[in-house]
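Everything on this sheet refers to the single structure shown next.
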Amino acid sequence: MAGEEEVAESTNTSLNSTSPLYMHPSENAGTTLVPVPFDGSGYRSWRRGVLRALSVKNKWERCDDMVTSWILNSLSKDLADSLQYVNDAKELWQELEDRYDQTNGAKLYQLQKEINDQSQGTLDITRYYTKIKKLWEELNTLSIHAQCSCQCVCGAKANMRKAEQDMRLIQFLIGLNEVYTVVRRSILMINPLPSIAQAFSILIQEEKQWEVKFQSQVMIDSAALNANTSGGNNFRTNYN
C-alpha cells in the first residue's frame with residue numbers, strides 16, 4: 001500500500017502544473033531561455049533575462065539538470081564549452097557571476113559621462129526619455145551591490161531616493177531643446193519637484209500642443225500660397 005501511495009503521489013505531482021517538479025511535454029534540455037546567446041559582453045542584461053525566464057517557468061529550485069542545460073544553451077558555444085563540467089546550476093551561476101559580474105571605474109565613468117552628455121536634439125520627447133531612462137537603469141545595475149536592502153523606519157532611505165530622482169529630473173530637463181524653456185521653468189517651480197514620470201507627462205502634453213500649432217500654421221501658409229498663386233495667374237491672363 002505504501003508503494004502504491006508513493007506512485008500515486010508522484011503521479012499527482014507530475015500532473016500538477018503549479019508544482020516546481022512539473023515538466024511540460026514541450027520542455028526539454030534544448031530549450032533556449034533568451035533570444036541572443038551570451039558571448040561575454042552585456043552580462044547584467046543577459047542575467048536579468050535568464051532570471052526572468054526561470055521565474056516564469058517556476059524551475060529555479062528544482063529540476064537542477066534541466067536548469068543547468070537551459071543556462072548553458074543561453075551561452076555562446078565558446079563559453080558553454082568552458083563550463084560543461086560544472087556540478088550543478090548553482091555552481092554554474094556562481095562561475096558566471098565571478099567571471100563577468102565585475103563593476104569597474106572605467107565603465108561607471110563612461111556611463112555617467114554618456115548620461116551627462118545626453119540632449120534631445122532631433123528626438124521627440126518619448127524617444128529622448130526612453131534613451132536616457134535606459135542609461136539610468138544600466139547605471140543602477142552596475143551599482144546594485146551598493147544599494148541598501150534593509151528596512152528603514154527613519155525616512156532617510158526615502159529621502160535619499162527622492163534626492164536621486166530630483167537629480168535625474170534635472171538631468172532630463174537640461175537636455176531638452178530650447179523650445180521647451182517655458183514649460184521647463186514651470187516644472188522647476190513645482191515644490192516639491194515632480195517625479196520624472198509626471199514631468200514626462202507634462203512635456204508630452206506640451207509637445208502635442210506644439211504639433212497642433214505647427215499643423216495649423218502649415219495649413220494657413222498653404223492656403224495663403226494657393227490664394228497668391230491663383231491671383232497672380234488671373235492678373236497675368238488679364239494683362240496679356
Side-chain angles (χ1 to χ4, degrees), residues 33-39 41-53 55-56 74 103-144 146-147 157-229:
L33 292 176
V34 290
V36 180
F38 178 59
D39 60 0
S41 61
Y43 173 73
R44 291 295 181 91
S45 297
W46 172 86
R47 185 180 76 166
R48 190 174 183 179
V50 169
L51 286 176
R52 184 183 295 113
S55 176
V56 169
S74 301
T103 300
N104 58 76
K107 179 62 177 178
L108 286 171
Y109 173 85
Q110 177 186 357
L111 194 57
Q112 188 61 62
K113 186 177 186 305
E114 190 174 355
I115 291 174
N116 294 341
D117 293 343
Q118 285 301 305
S119 60
Q120 181 183 356
T122 58
L123 302 175
D124 58 26
I125 292 294
T126 299
R127 286 187 294 170
Y128 168 53
Y129 174 72
T130 301
K131 185 176 181 180
I132 196 170
K133 188 172 185 295
K134 183 178 179 182
L135 292 171
W136 286 333
E137 291 175 350
E138 187 175 352
L139 185 63
N140 281 342
T141 62
L142 282 177
S143 56
I144 190 170
Q147 297 176 7
K157 187 175 180 180
N159 291 337
M160 291 175 62
R161 175 66 176 169
K162 173 60 177 170
E164 180 187 33
Q165 291 300 307
D166 287 348
M167 289 302 300
R168 290 185 173 183
L169 173 63
I170 299 301
Q171 285 179 331
F172 176 63
L173 294 177
I174 288 175
L176 290 172
N177 292 337
E178 291 304 314
V179 70
Y180 295 103
T181 298
V182 175
V183 67
R184 175 170 51 199
R185 188 180 300 118
S186 299
I187 293 172
L188 291 173
M189 291 295 292
I190 299 174
N191 188 22
L193 287 173
S195 67
I196 301 174
Q198 290 171 332
F200 171 75
S201 178
I202 295 172
L203 288 164
I204 282 292
Q205 295 178 24
E206 182 73 9
E207 184 180 59
K208 290 180 179 178
Q209 292 179 9
W210 274 105
E211 290 176 352
V212 170
K213 291 179 182 178
F214 177 75
Q215 292 173 357
S216 299
Q217 187 61 45
V218 169
M219 293 177 64
I220 293 173
D221 293 344
S222 178
L225 178 62
N226 290 335
N228 291 336
T229 303

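- Nearest approach of I115 to Q171, heavy atoms of both residues: CG2-OE1, 3.5 Å.
- Nearest heavy atoms, P194 versus L169: O-CD2, 3.4 Å.
- Considering every non-hydrogen atom in both W136 and F172, the closest pair reads CH2-CB, 4.0 Å.
- In this structure, K162 places its NZ atom where more than 12 heavy-atom neighbours from other residues, nucleotides or ligands lie under 6.0 Å away.
- Here the CD atom belonging to E211 is positioned 10.5 Å from the CD atom belonging to Q209, to the nearest 0.5 angstrom.
- S186 places a side-chain N or O within donor-acceptor distance of the main-chain N or O of V182, the cut-off being under 3.5 Å.
- For the atom pair CG of L135 and CG of N140, the computed distance is 11.0 Å after rounding to the nearest 0.5 Å.
- Remark: R168 CZ to L139 CG distance equals 6.0 Å, nearest 0.5 Å.
- Rounding to the nearest 0.5 Å gives a distance of 15.5 Å between CZ of R185 and OH of Y180.
- A side-chain donor-acceptor contact under 3.5 Å links T181 and E178.
- Closest of all the heavy-atom pairs between T122 and R127 is O-NH2, 3.8 Å.
- Here the OG atom belonging to S195 is positioned 11.5 Å from the CZ atom belonging to F200, to the nearest 0.5 angstrom.
- Between the side chain of Q118 and the backbone N or O of E114, at least one donor-acceptor pair lies under 3.5 Å.
- Under the 4.0 Å criterion applied to side-chain N and carboxylate O atoms, K134 and E138 are not assigned as salt-bridge partners.
- Side chains of I170 and L188 form a contact here, defined as non-hydrogen atoms less than 4.5 Å apart.
- The closest donor-acceptor contact from the side chain of E207 to the backbone of I125 lies under 3.5 Å.
- Here CD of Q198 is found 10.5 Å from CD1 of I196. Values are rounded to the nearest 0.5 Å.
- By the 4.5 Å heavy-atom criterion applied to side chains, T130 and L123 are not counted as neighbours.
- E164 has a carboxylate O that lies under 4.0 Å from a charged side-chain N of R161, or vice versa, which qualifies the two as a salt bridge.
- Considering every non-hydrogen atom in both I202 and V183, the closest pair reads CG2-CG2, 3.7 Å.
- Side-chain atoms of Q120 come within 3.5 Å of backbone atoms of N177 as a donor-acceptor pair (strictly under, hydrogens ignored).
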